[in-house]
Amino acid sequence: MEAPVLPILEFQDKIAETVEENPVVVIIGETGSGKSTQLSQILHRRGYTRSGAIAITQPRRVAAVTVARRVASELGVPLGEEVGYAIRFEDRTSNRTCIKYLTDGCLLRESLSNPELNQYSVIILDEAHERSLNTDILLGLMKRLIKRRSSNLKVLITSATLDGVKVSRFFSGCPVLNVPGTLFPVEKLYSTERPTNYVESCLKTALDIHVREPPGDVLIFMTGQDDIDKMVSKLEERIQNLEEGSCIDAIVLPLHGSLPPEMQIRVFSPAPPNCRRFIVATNIAETSLTVDGIVYVIDSGFVKQRQYNPSTGMYSLDVVQISRVQADQRAGRAGRTRPGKCYRLYPKTIYNEEFLDATIPEIQRSSLAGSVLHLKSLSLSDIDILKFDFLDPPSRESLEDALRQLYLIDAIDENGEITDIGKSMAELPLEPSLARTLLEANELGCLSQALTVTAMLSAEVSIHPTRSKNKEKKRKQSFSRIPDGSGWGDHIQLLQVFESWHLADYDPNWCTDNELHVRSMKFSKDVRKQLSQIIQKIAKGSTDVEFGVRQRKSDKDYQKIRRALCKGYGNQLAERMLHHNGYHTLGYRSQLVQVHPSSVLEADEDGQLPDYVVYHELIYTSRPFMRSVCAVEMPWVQPILKKLEKMNIHKLR
DNA sequence: GAGCACTGC
């Protein structure tokens, strides 16, 4: 079948000319413009691959793979030769590769060993309007690079209509090219007021569409799993109650991230004849997954967003209003196959006056310890981290928070200079506290255990509370099959769980039997392997990454690994308060917190929790909680408190 | 005694 002519091809001369004359060009490519597959080919045809390769970044792994596959087939070459891709755990490139798709995280990692990115003649930051943390860091690095690199680097940035000018201004007024897309028009219908109950309002709108509108699938954007489940069952019930033969059949499908893959795939099979599909989805359907056949969109106007507060060190997950960019992206989902309609459950004045232009970029909503460490390790001597040129700078508070954290775990010294430890930490694809734990564990001789714990934590393996708490456990020990951390806490439990899986020969059924997600367990195994390889390369002296399950028998109290964790989480310590089981965090901003009820940390005979713990994260839900905690000992904590006293933020940049 | 949107190295 002949592929339709993509709009972007009509502009290829203009694009090539502009790139020739300018180091940086912003491309505003609407959905369906073909920018992701064509920009690289246009520049390839114009000879840009003679002096180096073309890198095209994507914020998501699947996108990098599918787009690379597509381009290879369009050029009629086998994937991995001239056209390839690189994502974590998978490098399908060769020395002949001249068009390389990769995740933004991968390009950032390449910049560690090659800060000038000399192998590339062109770097295209695709989907930059999504403003992922990694893309934002890359934008800042690109701005430096075009000034510094002696060879003729070309940078292209694709953006959305609403912030193209902003990106251009960031790159000293570089040209902005518009490439139209192939979307059909979408009619926007606003509510006259904000509904008091948006689940009910979604439900009513969905039924109205079903009864009144011609066939076509409906996509409903909601905030989370709970609301989706509620909506699905209510909608099914109401449709059943409709008069027989009054309208076509309907099926209702949920769609969110924690759904098992086989359930997610269901949305990709088209509706049977004479049947309308209702897809009730989270944000996942906004950019990550594209559902075909959608003609109607119902937009609640809300999204659930994780945010980091640098003044408390705490994360929270809040329901917030979407931005105009997001609202337009959601509406666009109705116009992929024919003209569609978008029902916005908010008045037009709210869209115009209350919604932000664009979503607050991730860089302003995350802890920046990892990113700051990365920038420090590029050892570009002129970098003052507080003056680094970001498209949207994070707050000073957030950067200072990152510097303090890095200092407390020995990644930078009291003058803000990166240390040898810090350099090694940056090599590890882990958040700084886990990287520090791993290095310390290698010194203490418990590397294998630390590899397991850090891999399990970075794969976010969640363990369901299967019985085994206090009373039941005392009644019958053999009842609980899943390890419980021996009272030391959640890190040790993760370690024991992985070791049990190892002893079960990594049988996937073992995971299912114990209510563990096979996907995340496998992921943690891959991470562990990757970490072992990296640490064997960077660590001097002996490294023992092999399992020592038997040898560990003498180490019943997990002294060494807990000690390593205490060092790594030097910035995430808490001390129990007298006479009760509340804690206050130890640091430059003390917070009152509690152990999350999901924790397996155990109290002693007197009902007292350990005096000192480290925590993986602070999360504010109904109250401030420490999630994933591990018991540590006072003597290990003392030196960190000493360091805290000495800290002077004014010297730390 | 609580409950989690989505990505990525």
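Per chain, numbering begins at 1; letters A, B, ... match sequence-line order. Small disclaimer: the values here were computed from a predicted structure and weren't measured.
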Is there a side-chain polar atom (N or O) of A/Thr287 under 4.0 Å from OP1 or OP2 of B/dC6? no
On the six-membered ring of A/Tyr583, is A/Arg576 placed so that its NZ or CZ lies under 6.0 angstrom from the centre and within 45° of the ring axis? no
Between P of B/dC6 and NE2 of A/His256, the distance in whole Å: 8 Å
Rounded off to whole Å, could you give me the CD-to-P distance for the A/Gln58 and B/dT7 pair? 14 Å
Interatomic distance, A/His596 NE2 vs B/dA2 P [rounded to whole Å]: 9 Å
So does A/Gln225 get a side-chain nitrogen or oxygen closer than 4.0 Å to the phosphate oxygens (OP1/OP2) of B/dA5? yes
Of the nucleotides B/dT7, B/dG1, B/dC9, which one has an atom closest to the side chain of A/Pro597? B/dG1
Find which nucleotide of DNA chain B each of A/Thr223 and A/Leu428 is nearest to by heavy atoms, and output the residue with the more 5' nucleotide. A/Thr223
Round to a whole Å and report the spacing from CE of A/Met231 to C1' of B/dA5. 18 Å
In whole angstrom, give the distance that lies between atom CG of A/Asp490 and atom C1' of B/dA2. 13 Å
Give, for atom CG of A/Leu138 and atom OG of A/Ser111, the distance between the pair rounded to the nearest 0.5 Å. 7.0 Å
A/Ser458 side chain near B/dC9 phosphate (N/O to OP1/OP2, under 4.0 Å): no
Once you apply a heavy-atom cut-off of 4.0 Å, does A/Ser288 come out as touching a base, just sugar-phosphate, or nothing? sugar-phosphate
Between A/Asp226 and A/Glu460, whichever has its closest DNA chain B nucleotide further toward 5' is A/Asp226
Between B/dA2 atom P and A/Ile619 atom CD1, what is the distance in whole Å? 14 Å
Indicate, with a heavy-atom threshold strictly under 4.0 Å, whether A/Arg306 touches base, sugar-phosphate, or nothing. base
Parallel, tilted or perpendicular, judged at 30° and 60°: which one describes the rings of A/Tyr315 and A/Tyr308? tilted
For atom CD of A/Gln329 and atom P of B/dC6, their distance in whole Å: 16 Å
Among the candidates B/dC9, B/dA5, B/dA2, find the nucleotide nearest to the side-chain atoms of A/Pro429. B/dC9
I'd like to check the side-chain hydrogen bond (donor to acceptor under 3.5 Å, both in side chains) partners of A/Thr223; sequence neighbours left out, ordered by chain and number. A/Tyr198, A/Asp227
Scan A/Leu317 against the nucleic acid and name what it touches under 4.0 Å (heavy atoms): base, sugar-phosphate only, or nothing. base
In terms of side-chain heavy atoms of A/Thr282, which of B/dA2, B/dC9, B/dC6 is nearest? B/dC6
Do we see a donor-acceptor contact under 3.5 Å between the side chains of A/Glu130 and A/Thr135? no
Using a cut-off of less than 4.0 Å, is there contact between a side-chain N or O of A/Arg61 and OP1 or OP2 of B/dC9? yes
Between A/Arg623 and B/dA2, is there a contact of a side-chain N or O with OP1 or OP2 at under 4.0 Å? yes
Any side-chain donor-acceptor pair under 3.5 Å between A/Thr359 and A/Gln326? yes
Using whole Å, report how far OH of A/Tyr315 lies from P of B/dA2. 23 Å
What nucleic acid atoms does A/Ile87 come within less than 4.0 Å of, heavy atoms only: base, sugar-phosphate, or nothing? sugar-phosphate
